[in-house]
Each structure stands twice: as structure tokens, then as C-alpha cells.
Amino acid sequence: MRPAGNVNSLIQEFLNYLRVEKGLSQNTISAYGRDLVKLDAYARQNRKRLDQFRRDDIVDFLGSLYRRKLGSRSVARHLVALRTFYRFALTEGALREDPTLNIESPKFRKGLPSFLSLEEVERLLAQPDTTTKLGMRNKAMLELLYSTGLRVSELTGLRVADIHMEMGCLRCIGKGNKERLVPVGRPAIAAVREYLQTSRPQLLRDKSSPYLFLTQSGGRLGRIGFWLALQNYGRRAGLRTRLSPHKLRHSFATHLLERGADLRSVQMMLGHSDISTTQIYTHVMQARLKEIYKQHHPRA
């Protein structure tokens, strides 16, 4: 077993393990790191080390999160991070027992995903000013996001070589470094082609970049930059709900299912490793079944 004083330094080794061996995204790794920093701070406040924590200490820590007004979903995410860390520490010989063992995850009700109506999507897609280079870029990004259901990190990570215009699809590297091919609709292909021909060369100037979507200075556009533009377009479109890239992803999946797509196909396009994740959209299928029942059953 490792010396006790080295346990806290194990956090960095753990994060490296998530990056190199598990292939998790940087966003997930950063979230795990933040959760463990909170745990370490809590341990210091209570004059303990992480290797001294027992089950009651973990339960008390989770209770402190509730007292800070965190919801059950957020607390459950913290517990996942702690479990993964302590199991890693156990494997590395830094601990003799796992203090998270037999701690039940907080129960929470999964809410239905919020999505835009078709009319709202059309209003949103009409917002970018395509007479400007940034407006043309943003139009291509919006069309591509709604057409494919990509995560925003997948969208901003696209390279020019990932888009196959003639085939009408794109190559995407998703969570866990898994690759998938996603169909792209004709309006999105047209918007991307116009951006590549007109706007992107102006943004690139005399530089070079493999990335598809660029900033004003020719660098890779990040998630925050696109999120801010999206928020602005949502306000201009008069959308009543707060707009996020994930809401467009939900809209993509919901509208596919409303038009008869099967759940397994939607799972593949979204890049969900488990169909249970995709099943949050079954409310759409249930609504459609009720409508079919009302239309066709003689006793409906």
C-alpha cells in the first residue's frame, strides 16, 4: 500500500487515467476534477485525508452538497466521480477499502427533454445574417447542429476533412473517442459549402487550420463562442425558453421520432452507447401511439 501522504496526489494520476486509458472527454475529466477538489476541501475542513474517509464521511460530504442547494442529479454525479476515484485508488494500492461501497445513489425523476417546435427551429435558423462572414459561419453551424444532433463539443471539433459533401454525411469522434458516421441534410450541406467557399477563407486569411469552424482571428471556435451566438439568436427569434446547443440536439431526436424513425437508429446518430439513454425520448413515441389509437380504434 502507498504511503498515506501521497493519496491526494493520486487525483492527478486518476485524471490522467481517465484521459489516457478511459478516453473520456476533456469536459467529463474537468467535471470529475472539480468534484474531487470539493471532496478534498471538505476533508481538509474536517482535518482528515482522503485515505482516512469512511462511509459516514462520504455520506456527510453528500449531505453538505444538499445543504449548498445542489439538486439530486448533481449530487448523484458527484457520487459517480467519487466511486470511480476510490475504485481507482483501491486498484493502485492507495487504499485498503472503498468508502463509497453500498452508498445508494440519490433518487431523482428524469424530466422530459425540452425541445423546440418546428416553427421555432425555422425562426432560429433564419436569424444569422448570411451577408457577413460570421453570420454565414453561424448559419452553417446551426443548420449542421439541427441536421445531425451533434454535441456542441463534437460540432466545434469538426475538421474540414470530416465533412463528405457528395456522400451527405460527416465523420464524428464522440464520447469515449468513439467514431460514428452521421447523415447530413441538404440544407446543412448547402450552408456548409457556402461557408467553405466564401466565409472560411476570409476568416483564415493567410493562416492554415484543419478545423472547420473558425473565429474572427482564424483560430478554432470554442464551445463558449458558439453558445453566446446561439443565445443571441434565440432572443432575436423570440424563443421563450432558454436556448442551448443541447436543446437543438433534443429537437433533432424528437422531430426524427415524430416522423417515424426507430429508437435504435436515433441512438446510433446521437452516439449513445446505451439505448437506455435514448429512451428519454419515448414520450414522443407514446404520444404518437395515442394519436394512432384515437384515429383508428373503434372504441377510442
Side-chain angles (χ1 to χ4, degrees), residues 25-27 115-116 118-174 179-239 241-253 255 269-271:
S25 71
Q26 187 55 50
N27 292 336
F115 59 92
L116 302 178
L118 276 173
E119 189 270 335
E120 288 174 325
V121 170
E122 291 298 332
R123 292 209 317 264
L124 176 67
L125 295 178
Q127 293 309 309
D129 180 5
T130 54
T131 62
T132 68
K133 56 188 177 184
L134 293 182
M136 193 177 294
R137 178 203 67 190
N138 293 342
K139 171 71 170 177
M141 295 186 78
L142 286 176
E143 288 281 3
L144 202 56
L145 194 62
Y146 176 62
S147 178
T148 61
L150 295 182
R151 301 175 179 92
V152 66
S153 57
E154 295 169 346
L155 179 73
T156 57
L158 285 175
R159 298 168 183 259
V160 176
D162 294 330
I163 300 286
H164 304 283
M165 299 288 190
E166 300 306 318
M167 293 175 60
C169 68
L170 60 81
R171 170 182 170 272
C172 172
I173 304 297
E179 178 180 324
R180 69 184 189 275
L181 288 178
V182 184
V184 183
R186 286 189 294 272
I189 287 289
V192 171
R193 179 177 283 116
E194 185 176 10
Y195 162 71
L196 283 172
Q197 292 174 348
T198 308
S199 175
R200 190 174 183 275
Q202 296 177 29
L203 295 172
L204 201 57
R205 299 174 189 172
D206 56 348
K207 299 180 181 178
S208 63
S209 173
Y211 293 103
L212 179 60
F213 295 114
L214 306 176
T215 64
Q216 179 85 39
S217 59
R220 175 187 172 183
L221 180 67
R223 296 180 303 117
I224 300 301
F226 177 66
W227 180 82
L228 291 172
L230 185 63
Q231 290 274 297
N232 181 44
Y233 291 139
R235 287 191 293 269
R236 284 165 47 180
L239 302 183
T241 58
R242 186 181 180 188
L243 188 58
S244 68
H246 221 67
K247 186 165 289 189
L248 275 184
R249 180 170 160 88
H250 289 323
S251 303
F252 161 82
H255 296 165
M269 285 185 273
L270 290 175

Any pair with a residue in residues 206-228 that passes ring-ring contact (aromatic ring centres under 6.0 Å, His included), sequence neighbours left out, goes on the list, sorted by first then second residue, please.
Tyr195-Phe213

Taking all atoms of both residues into account, what is the closest heavy-atom pair of Thr215 and Arg220, and its distance?
CG2-O, 3.6 Å

To the nearest 0.5 Å, what is the distance between NE2 (His164) and CG (Asp162)?
6.5 Å

Without swapping roles, check the side chain of His255 against the backbone of Leu116 for a donor-acceptor pair under 3.5 Å.
yes

Does the side chain of Leu124 reach to within under 4.5 Å of the side chain of Leu243, using non-hydrogen atoms?
yes

Partners meeting ring-ring contact (aromatic ring centres under 6.0 Å, His included) with His246 (sequence neighbours left out):
His250

With Arg151 via salt bridge (Lys or Arg N to Asp or Glu O under 4.0 Å) - residues at least two apart
Glu154

Steps toward side-chain contact (heavy atoms from CB on, under 4.5 Å) verdict (Val192, Leu196)
CA-CA 6 Å; Val192 171; Leu196 283 172; 4.0 Å; yes

Return a table of donor-acceptor pairs under 3.5 angstrom between the side chains of residues 134-141 and protein atoms on other chains or two or more places apart.
residue: Arg137; atom: NH1; partner: Leu214; partner atom: O; Å: 2.8
residue: Asn138; atom: ND2; partner: Leu134; partner atom: O; Å: 3.3
residue: Asn138; atom: ND2; partner: Tyr233; partner atom: OH; Å: 3.0
residue: Lys139; atom: NZ; partner: Leu125; partner atom: O; Å: 2.8
residue: Lys139; atom: NZ; partner: Glu143; partner atom: OE2; Å: 3.1

Taking atom CG of Leu158 and atom OG1 of Thr148, what is their separation to the nearest 0.5 Å?
7.5 Å

By side chain to side chain contact (heavy atoms under 4.5 Å, CB included), Asp206 pairs with (sequence neighbours left out) none

Roughly how far, to the nearest 0.5 Å, is the CG atom of Leu150 from the CG atom of Leu145?
6.5 Å

Can you give me the closest heavy-atom contact between Ser217 and Lys207, atom names plus distance?
O-NZ, 2.6 Å

Correct closest heavy-atom pair for Ile173 and Arg171 would be CD1-NH2, 3.7 Å

Quick one: side chain to side chain contact (heavy atoms under 4.5 Å, CB included) partners of Glu119, sequence neighbours excluded?
Ser117, Arg123

Separation between CD1 of Ile189 and CD of Glu166, rounded to the nearest 0.5 Å:
8.5 Å

Please check this pair: side chain of Arg249 against backbone of Leu270, looking for a donor-acceptor N/O pair closer than 3.5 Å.
yes

Does Leu142 reach the side chain of Leu248, with side-chain heavy atoms less than 4.5 Å apart?
yes

Answer yes or no: is there a donor N or O on one side and an acceptor on the other, between the side chain of Arg193 and the main chain of Met165, under 3.5 Å?
no

One should read off an interatomic distance between Leu204 CG and Gln202 CD, to the nearest 0.5 angstrom, of 11.0 Å

Heavy-atom count check: over 12 atoms from other residues, nucleotides or ligands less than 6.0 Å from Met167 CE?
no

Atom pair OG/CZ of Ser209 and Arg159 - distance to nearest 0.5 Å:
8.0 Å

If you take all heavy atoms of Asn27 and Ser153, which pair is closest and at what distance?
ND2-CB, 4.1 Å

